[in-house]
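In what follows, a single structure is set out as structure tokens and then discussed.
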Amino acid sequence: MPRWAVVMLWVVGALVVLVPVGGIGAYIYAVGENHENMRFPSEDVTVARCAVDPVSKRPVAELSVTSQAGRRGSYTVTVEFQDEREKAVERGFGVVEDLADGGTGRTVVMGAEAYEQGVPRCVVYEAGFRATEPTAGGTP
């Protein structure tokens, strides 16, 4: 086999292996760069207090939301009430509306049914953010 044919086989073989590997590496790099400073609304929410209401016997979660979203907006938070074994008993939701960037708001989430199994555990199950002022593109 001529020498140029052997060289061409090596070059083509190397390209078949290296091009897909390089493409995967470039994709991983680009995704990491694009999502480097990504924030999730749940990072802005903390459970300030979790207890049973003495009158209604329903679980109550007091939530504190400190906005780090970079713009004014509203938070919708779903709280999961759990028993001592961390099993979900029920869920409830609360809203903090029109919170400025860096501002702090509070909301109270109360369960629908009486809880008579000791002290509940309150967990932020999900949080969402909706901007109430236009962004640079002109849409909220």
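This structure is a prediction, so every number in the text was calculated from the model and none was measured. For the numbers below, each heavy atom of this structure counts, side chains included, while hydrogens, waters and symmetry mates do not.
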Tell me the salt bridge (Lys or Arg N to Asp or Glu O under 4.0 Å) pairs involving residues 48-60, sequence neighbours left out?
Arg49-Glu62
Taking every heavy atom of Ser67 against every heavy atom of Ala100, the minimum-distance pair comes out as CB-O, 3.5 Å
Straight-line distance of Glu126 CD to Glu80 CD, nearest 0.5 Å:
11.0 Å
Test Val77 against Val124 for side chain to side chain contact (heavy atoms under 4.5 Å, CB included), laying out the working first.
CA-CA 7 Å; Val77 183; Val124 175; 4.0 Å; yes
Please determine, by modelled atom types, if Thr104 and Thr66 share a side-chain donor-acceptor pair under 3.5 angstrom.
yes
Quick check: is Leu15 connected to Val7 through a chain of hydrophobic side chains (ILVMFWY, heavy atoms under 4.5 Å apart)?
yes
Do you know which two heavy atoms are closest between Cys50 and Pro120, and how far apart they sit?
SG-O, 3.5 Å
To the nearest 0.5 angstrom, please state how far the OG atom of Ser74 sits from the CG atom of Leu99.
8.0 Å
Taking Thr78 for the side chain and Phe93 for the main chain, is one N or O donor matched with an acceptor at less than 3.5 Å?
no
Would you say that Val123 contacts Gln82 through its side chain, given a criterion of any heavy-atom pair below 4.5 Å between the two side chains?
yes
Which residue in the set Val60, Thr107, Leu63 passes side-chain contact (heavy atoms from CB on, under 4.5 Å) when paired with Val79?
Leu63
What are the two closest heavy atoms between Ser56 and Met110, and how far apart are they?
OG-SD, 4.3 Å
Residues Phe81, Arg91; criterion side chain to side chain contact (heavy atoms under 4.5 Å, CB included); working and verdict
CA-CA 6 Å; Phe81 298 104; Arg91 293 185 186 141; over 6 Å; no
Glu90 vs Pro59 side-chain heavy atoms within contact, under 4.5 Å
yes
Ion pair check, Asp101 and Arg72, cut-off under 4.0 Å
no
Exercise: identify the closest heavy-atom pair between Val21 and Val17
CG2-O, 3.3 Å
If you count the non-hydrogen atoms of other residues, nucleotides and ligands that lie under 6.0 Å from CD in Glu113, is the total more than 12?
no
Side chain to side chain contact (heavy atoms under 4.5 Å, CB included) evaluation trace for Glu43 with Gln68:
CA-CA 9 Å; Glu43 295 176 25; Gln68 302 296 321; over 6 Å; no
Measuring from atom CZ of Arg85 to atom CZ of Arg121, what distance do you get when rounded to the nearest 0.5 angstrom?
13.5 Å
Taking every heavy atom of Tyr115 against every heavy atom of Val89, the minimum-distance pair comes out as CE1-CG2, 3.9 Å
Using a cut-off of 6.0 Å, state whether more than 12 heavy atoms not belonging to Glu97 lie near its atom CD.
no
Can Val47 be reached from Val96 by stepping across I, L, V, M, F, W or Y side chains whose heavy atoms are under 4.5 Å apart?
yes
For Phe129, enumerate each residue passing the ring-ring contact (aromatic ring centres under 6.0 Å, His included) test, keeping only those at least two apart in sequence or located in another chain.
Tyr75
